[in-house]
Amino acid sequence: MSVLSDRDIAAALQTGQIKIEPYDRADLQPSSVDLHLDRTFRVFRNNRYPFIDVRVAQPDLTDLLSVDDNEAFILHPGEFVLGQTVEWVELPDDLVARLEGKSSLGRLGLLIHSTAGYVDPGWKGKLTLELSNVAKLPIALYFGMKIGQISFLTMSSRVERPYGSAGLGSKYQGQSEPTASAFFEDFQAARRTQQPVTDDAR
């Protein structure tokens with residue numbers, strides 16, 4: 001597995017192997033492409049449920065809100081919200097991508113993902129950001145600011161079932177807004193596949 005260089009990324013974008021829209025050549029770095037923060041955020045509402053239950057749907061756990069072009073979104077210390085990239089990203093079935101934060105923002109205490117830095121082959125959609133402020137002061141975030149960078153790695157071979165394939169259980173293919181967790185679907189799928197125990201099997 002090897003990381004694509006700037007010239008290889010440029011070539012893949014030119015041929016359509018990788019799709020990033022919108023794309024500005026100025027965002028191409030030595031081994032990655034800079035991505036930007038969109039205007040929509042999904043904010044957690046702590047007063048609606050006594051706790052987060054990963055087994056069940058909790059549709060009112062978060063609210064979706066947007067900011068204007070020059071309006072700041074204030075992320076307070078210890079706060080966690082979902083954001084997304086301006087860019088729509090599509091990957092072929094022989095590349096995997098990594099989403100990482102910008103060093104300059106990390107030095108201010110801003111983290112852009114907790115565990116979701118991995119982008120599967122076959123992915124199509126905007127990338128949800130898991131935004132956390134680990135600093136002692138609030139951080140102002142703005143629409144269109146550079147928020148992270150995406151790098152691309154070649155795989156040993158093409159995958160048999162790219163992300164989004166039928167039967168794979170891909171939950172977020174084609175997302176165009178910050179998308180709340182659908183982890184509860186895993187529990188529902190497990191219940192459907194479990195067979196009841198008969199008297200003979202006991």
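- A pairwise comparison of heavy atoms in A140 and A72 identifies CB-CB, 4.0 Å as the closest pair.
- Note on V81 and L65: same hydrophobic cluster, where clusters join Ile, Leu, Val, Met, Phe, Trp and Tyr whose side-chain heavy atoms are under 4.5 Å apart, directly or indirectly.
- Remark: side-chain polar atoms of D6 are not paired, donor with acceptor, to backbone N or O of A10 under 3.5 angstrom.
- Proximity of L64 to P178: side-chain heavy atoms (C-beta onward) are separated by under 4.5 Å at one or more points.
- I150 places a side-chain heavy atom less than 4.5 Å from the side chain of L127.
- Separating the NZ atom in K19 from the CH2 atom in W88 is a distance of 7.5 Å, to the nearest 0.5 Å.
- Here R42 pairs with E177 in a salt bridge; the nearest charged N to carboxylate O distance falls below 4.0 Å.
- Among residues at least two apart or in separate chains, ring-ring contact (aromatic ring centres under 6.0 Å, His included) pairs with a member in residues 120-148 are W123-Y163.
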Original post:
Given L131 and L75, is the side-chain contact (heavy atoms from CB on, under 4.5 Å) satisfied, shown in steps?
Top reply: CA-CA 8 Å; L131 300 168; L75 188 65; 4.2 Å; yes

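- Ion pairing between D93 and R158 holds under the 4.0 Å rule for side-chain N and carboxylate O.
- Listed here is the closest heavy atom pair of T40 and Q84: OG1-NE2, 3.3 Å.
- Side-chain atoms of E100 and S151 include no donor-acceptor pair closer than 3.5 Å.
- The nearest pair of heavy atoms linking Q173 to G122 is NE2-O, 3.0 Å.
- A pairwise comparison of heavy atoms in G144 and H36 identifies O-CD2, 3.2 Å as the closest pair.
- Within the 4.5 Å cutoff, no side-chain heavy atoms of V119 are placed close to those of V96.
- Residues L99 and I112 have side chains in contact (heavy-atom distance under 4.5 Å, counting atoms from C-beta outward).
- For E79, the salt bridge (charged side-chain N to carboxylate O under 4.0 Å, His left out) criterion is met by no residue, not counting sequence neighbours.
- Applying the salt bridge (charged side-chain N to carboxylate O under 4.0 Å, His left out) test to D38 and every residue at least two apart in sequence or in another chain returns K126.
- The salt bridge (charged side-chain N to carboxylate O under 4.0 Å, His left out) test applied to R161 returns no partner, not counting sequence neighbours.
- Every residue was checked against the salt bridge (charged side-chain N to carboxylate O under 4.0 Å, His left out) condition with D68, not counting sequence neighbours, and none meets it.
- The closest side-chain heavy-atom distance from D53 to Q58 is below 4.5 Å.
- K102 contributes atom NZ, which lies 13.0 Å from atom CG of L108 (distance to the nearest 0.5 angstrom).
- In this structure, the side chains of V3 and F152 stay at 4.5 Å or more apart for every pair of heavy atoms.
- When side chains are defined from C-beta on, L61 counts as touching F44, because their heavy atoms get closer than 4.5 Å.
- Here the closest heavy-atom approach between residue L37 and residue I147 is recorded as N-CG2, 3.8 Å.
- Within a 6.0 Å sphere centred on CG of D69, heavy atoms belonging to other residues, nucleotides or ligands number more than 12.
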Side-chain atoms of residues 20-33: list all donor-acceptor pairs with protein atoms under 3.5 Å, sequence neighbours left out, distances to 0.1 Å.
from, atom 1, to, atom 2, distance (Å)
D24, OD1, A26, N, 2.9
Q29, NE2, D34, OD2, 3.0
S32, OG, Q149, OE1, 3.3

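- For the residue pair R98 and L153, the shortest heavy atom distance occurs at CG-CD1, 3.7 Å.
- Atom OG of S2 is separated from atom CE of M155 by 12.0 Å, given to the nearest 0.5 angstrom.
- Side chains of L95 and T154 form a contact here, defined as non-hydrogen atoms less than 4.5 Å apart.
- Atom CG in L105 sits 10.0 Å away from atom CG in L111 (nearest 0.5 Å).
- Separation of atoms CG (L129) and CZ (F41) is listed at 8.5 Å; rounding is to 0.5 Å.
- Between the CD1 atom in I18 and the CG atom in L91 there is a gap of 6.5 Å [rounded to 0.5 Å].
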